[in-house]
S.K.: 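Supplied in structure tokens, the structure appears directly below.
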Amino acid sequence: PTDAQSEEDLIKKADIAMYRAKELGRNGHVNYSETLESDSGNKVLLTNELYEAIERDELLLHYQPQVLSETTGIIGLEALIRWQHPEKGMIPPGQFISHAEQSDLIHPIGNWVIDTACRDLRALIDAGHRGIRMAINLSLKQFLADALLPHIRSTLERYDLRPEMLEFEITESIAMGQQQPIIETIAELRKFGVSLSIDDFGTQYSSLSRLSQLPFDRIKIDRQFVMDLEQGDTSSAIIGFIIELSKNMGYSVIAEGVETKEQFDYLRNRGCGEIQGFYFHKPMPFGDLLEILVHRQNP
């Protein structure tokens, strides 16, 4: 009685609370409040603006180089989406990707990322920069979509790229999921020839027996462990374990979030083969990336 004066309004507000409860996971409940409705309205507005962003070409990719520890040569790129909002400026993915997933906009946005990253990779090759792989992040919805592999195949054909030039990153929680479709999709992608990596590794309680059965190429050490290296021995022990585990299982290992020389020296000395982070390169537009690659070719 204190929340609504009509059946229609009461049901509307119950729906708002229900959808918020679903966002928070199972076995819980949420009480309606005006703040909740305000948040819901903001999400609807953001989703509508995201629809328009796709139509107006407001989305763009930045690329963060990945380097070999021994030579610091660039061997890979991670494609990172950004939203250039006409009024709010540059919006990072953490502020809109979850809305894209909830509204199923993640599928056209994900396809756009794959298309754009492959187009830019083709441009790099044509400019003489070969031997660089392109890493692209996939959400759970993208990963389980039936159209994912056909879209990857057609995009590679369009830009005359080989499957091994692409690497798709999925989080540890997705990789360790118990759903049979996840296992089947991993097998299909690997059979097709693209590389696969586990992102944010170490943040979940992975089954080592399950991990050994999955055909991944690379394990990515979560940035939080790298950031905590100077705080004590726990992160050092975890990183050392992940590096040894990766070697024993035949995986390559890359650490992200490397921001200091001390972090880099520690990781290199422990045998971490690849590095990604601000210590070497921040994410950058494609034009800036080309300038860096040209400078490295002609120092």
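Numbers for residues simply follow the sequence, beginning at 1. Just so it is clear, the values below take in all heavy atoms, side chains as well, and ignore hydrogens, waters and symmetry mates.
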S.K.: By side-chain hydrogen bond (donor to acceptor under 3.5 Å, both in side chains), which residues pair with D217, not counting sequence neighbours?
M.R.: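 side-chain hydrogen bond (donor to acceptor under 3.5 Å, both in side chains) list for D217, sorted by chain: R190.
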S.K.: First locate atom CD1 of I242, then atom NZ of K220, and finally report the distance between them rounded to the nearest 0.5 Å.
M.R.: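 That separation rounds to 13.5 Å.
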S.K.: Between L148 and E188, is any pair of side-chain heavy atoms under 4.5 Å apart?
M.R.: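 The answer is no; the side chains never approach within 4.5 Å.
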S.K.: May I ask you to test the Q276-P65 pair for a side-chain heavy-atom distance under 4.5 Å?
M.R.: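 The answer is no; the side chains never approach within 4.5 Å.
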S.K.: Between S69 and C272, is there a donor-acceptor pair closer than 3.5 Å when you use the side chain of the first and the backbone of the second?
M.R.: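 Yes, the answer is positive, given that a donor and an acceptor are paired below the 3.5 Å cut-off.
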S.K.: Can any side-chain N or O of Q64 pair as donor or acceptor with the backbone N or O of H281 at less than 3.5 Å?
M.R.: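 Judged by distance alone, yes, a pair lies under 3.5 Å.
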S.K.: What are the two closest heavy atoms between R223 and G257, and how far apart are they?
M.R.: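 Taking R223 first and G257 second, the nearest heavy atoms are NH1-CA, 3.4 Å.
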S.K.: Is there a path from I243 to M227 through hydrophobic residues (I, L, V, M, F, W, Y) whose side chains come within less than 4.5 Å of each other?
M.R.: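 No, no single cluster joins them.
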S.K.: Grab the two heavy atoms, one from R270 and one from G240, that are nearest each other, plus how far apart they are.
M.R.: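 Smallest heavy-atom distance, with atoms named: NH2-CA, 3.3 Å.
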S.K.: Is a side-chain donor or acceptor of S154 paired with a backbone partner of H151 at a separation under 3.5 angstrom?
M.R.: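 Between the backbone of H151 and the side chain of S154 there is a qualifying donor-acceptor contact (under 3.5 Å).
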S.K.: Hey, could you give me the CZ/CD1 distance between F280 and I292, rounded to the nearest 0.5 Å?
M.R.: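 Here the rounded value is 12.5 Å.
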S.K.: Among residues at least two apart in sequence or on other chains, which ones pass salt bridge (charged side-chain N to carboxylate O under 4.0 Å, His left out) with E52?
M.R.: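 E52 satisfies salt bridge (charged side-chain N to carboxylate O under 4.0 Å, His left out) with R56 once adjacent residues are dropped.
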S.K.: With the side chain counted from C-beta on, respond yes when F216 and I170 share a heavy-atom pair under 4.5 Å apart, and no when they do not.
M.R.: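 A side-chain contact under 4.5 Å exists here.
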S.K.: Give, for atom CD1 of I186 and atom CD1 of I198, the distance between the pair rounded to the nearest 0.5 Å.
M.R.: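 I186 atom CD1 to I198 atom CD1 measures 7.5 Å (nearest 0.5 Å).
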S.K.: For the residue pair A117 and Y63, what are the closest heavy atoms and their distance?
M.R.: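 Reported closest heavy-atom pair: CA-OH, 3.6 Å.
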S.K.: Can you name the salt bridge (charged side-chain N to carboxylate O under 4.0 Å, His left out) partners of R119, sequence neighbours left out?
M.R.: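 Not a single residue meets the salt bridge (charged side-chain N to carboxylate O under 4.0 Å, His left out) criterion with R119.
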S.K.: Give, for atom OH of Y279 and atom OG1 of T72, the distance between the pair rounded to the nearest 0.5 Å.
M.R.: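 Going from OH on Y279 over to OG1 on T72, the span is 9.5 Å.
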S.K.: Which donor-acceptor pairs under 3.5 Å do side chains of residues 133-141 form with protein atoms, sequence neighbours excluded?
M.R.:
| residue | atom | partner | partner atom | Å |
| --- | --- | --- | --- | --- |
| R133 | NH2 | Q66 | OE1 | 3.3 |
| R133 | NH2 | E274 | OE1 | 2.5 |
| N137 | ND2 | E78 | OE2 | 2.9 |
| S139 | OG | Q142 | N | 3.3 |
| S139 | OG | Q142 | OE1 | 3.3 |
| K141 | NZ | E101 | O | 2.5 |
| K141 | NZ | D104 | OD1 | 2.7 |

S.K.: D265 vs T260, test: side chain to side chain contact (heavy atoms under 4.5 Å, CB included). Steps then yes/no.
M.R.: CA-CA 9 Å; D265 288 342; T260 68; over 6 Å; no
S.K.: So which of I254, I74, V258 actually passes side chain to side chain contact (heavy atoms under 4.5 Å, CB included) with V67?
M.R.: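 With V67 as partner, I254, I74, V258 yield a single side chain to side chain contact (heavy atoms under 4.5 Å, CB included), made by I74.
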S.K.: Residues two or more places apart in sequence or in another chain: which of them pass side-chain hydrogen bond (donor to acceptor under 3.5 Å, both in side chains) with D146?
M.R.: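 Not a single residue meets the side-chain hydrogen bond (donor to acceptor under 3.5 Å, both in side chains) criterion with D146.
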S.K.: Taking atom CG of L61 and atom CG of L289, what is their separation to the nearest 0.5 Å?
M.R.: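 Here the interatomic distance stands at 11.5 Å.
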S.K.: Provide the closest heavy-atom pair for Y159 versus C118 in the form atom of the first, atom of the second, distance.
M.R.: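 Minimum heavy-atom contact is CD1-CB, 3.8 Å.
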S.K.: Report yes or no: do I219 and F241 belong to one cluster of Ile/Leu/Val/Met/Phe/Trp/Tyr joined by side chain heavy-atom distances under 4.5 Å?
M.R.: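 Yes, I219 and F241 fall within the same hydrophobic cluster.
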S.K.: List, by chain and then residue number, the residues other than L80 in its hydrophobic cluster (Ile/Leu/Val/Met/Phe/Trp/Tyr, side-chain heavy atoms under 4.5 Å); write none if there are no others.
M.R.: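 Members other than L80 - counting any ILVMFWY side chain reachable under 4.5 Å - there are none.
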S.K.: Kindly give the heavy-atom pair with the smallest separation between I81 and P93, and that separation in Å.
M.R.: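 Minimum heavy-atom contact is O-CD, 3.4 Å.
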S.K.: Listed by chain and number, what are the side-chain hydrogen bond (donor to acceptor under 3.5 Å, both in side chains) partners of Q224, not counting sequence neighbours?
M.R.: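 Once residues adjacent in sequence are excluded, the partners of Q224 under the side-chain hydrogen bond (donor to acceptor under 3.5 Å, both in side chains) criterion are D228.
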S.K.: How close do S197 and E169 get, heavy atom to heavy atom, and via which atoms?
M.R.: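 Nearest pair, atom of S197 first, then E169: OG-CG, 2.9 Å.
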S.K.: Quick check: do R122 and I125 have side-chain heavy atoms less than 4.5 Å from each other?
M.R.: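 Yes, at least one pair of side-chain atoms sits under 4.5 Å.
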S.K.: Is the closest side-chain heavy-atom distance between L121 and L77 below 4.5 Å?
M.R.: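 L121 vs L77: side chains apart.
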S.K.: Can you confirm whether M284 is buried at CE, in the sense that more than 12 heavy atoms of other residues, nucleotides or ligands lie under 6.0 Å from that atom?
M.R.: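 Counting other residues, nucleotides and ligands, CE of M284 exceeds 12 neighbours.
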S.K.: In chain order, what residues pass the ring pair (Phe, Tyr, Trp, His ring centres under 6.0 Å) check against Y51, with sequence neighbours excluded?
M.R.: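 Partners of Y51 by the ring pair (Phe, Tyr, Trp, His ring centres under 6.0 Å) criterion come out as none, since no residue qualifies.
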S.K.: Going by heavy atoms in the side chains, are L245 and V253 under 4.5 Å from each other?
M.R.: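 A side-chain contact is absent here, since even the closest heavy-atom pair is not under 4.5 Å.
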S.K.: Output the rest of the hydrophobic cluster of M90: all Ile, Leu, Val, Met, Phe, Trp and Tyr residues reachable through side-chain heavy-atom contacts under 4.5 Å, sorted by chain and number.
M.R.: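 Same cluster as M90: L60.
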S.K.: Any side-chain heavy atom of E262 sitting closer than 4.5 Å to one from L229?
M.R.: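 No, side chains not in contact.
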S.K.: I'd like to check the salt bridge (charged side-chain N to carboxylate O under 4.0 Å, His left out) partners of E259; sequence neighbours left out, ordered by chain and number.
M.R.: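 Per chain and number, E259 pairs via salt bridge (charged side-chain N to carboxylate O under 4.0 Å, His left out) with no residue.
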S.K.: Side-chain heavy atoms under 4.5 Å apart, restricted to Ile/Leu/Val/Met/Phe/Trp/Tyr: what other residues fall into the cluster of I75, or is it alone?
M.R.: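 L68, all in the cluster of I75.
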S.K.: I152 versus L189: any side-chain heavy-atom pair under 4.5 Å?
M.R.: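 They are in side-chain contact.
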S.K.: Taking atom OG1 of T116 and atom CG of N111, what is their separation to the nearest 0.5 Å?
M.R.: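 Between T116 OG1 and N111 CG, I get 10.5 Å after rounding to 0.5 Å.
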S.K.: Among all residues two or more places apart in sequence or in another chain, which pass the salt bridge (charged side-chain N to carboxylate O under 4.0 Å, His left out) test with R130?
M.R.: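 Counting only residues at least two positions away or on another chain, R130 forms no salt bridge (charged side-chain N to carboxylate O under 4.0 Å, His left out).
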S.K.: If you draw the axis of the six-membered ring of F264, does the NZ or CZ of K261 fall within 45° of it and under 6.0 Å from the ring centre?
M.R.: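 Negative - K261 is either too far from the ring of F264 or too far off its axis.
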S.K.: Please evaluate residues F192 and L166 with respect to the criterion side chain to side chain contact (heavy atoms under 4.5 Å, CB included), reporting the C-alpha separation (whole Å), side-chain torsions for both, the decisive distance (0.1 Å), and the verdict.
M.R.: CA-CA 11 Å; F192 176 61; L166 286 190; over 6 Å; no
S.K.: With W83 as reference, evaluate L59, I54, I97 under the side chain to side chain contact (heavy atoms under 4.5 Å, CB included) test and give the passing residue.
M.R.: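 In the set L59, I54, I97, the residue that makes a side chain to side chain contact (heavy atoms under 4.5 Å, CB included) with W83 is L59.
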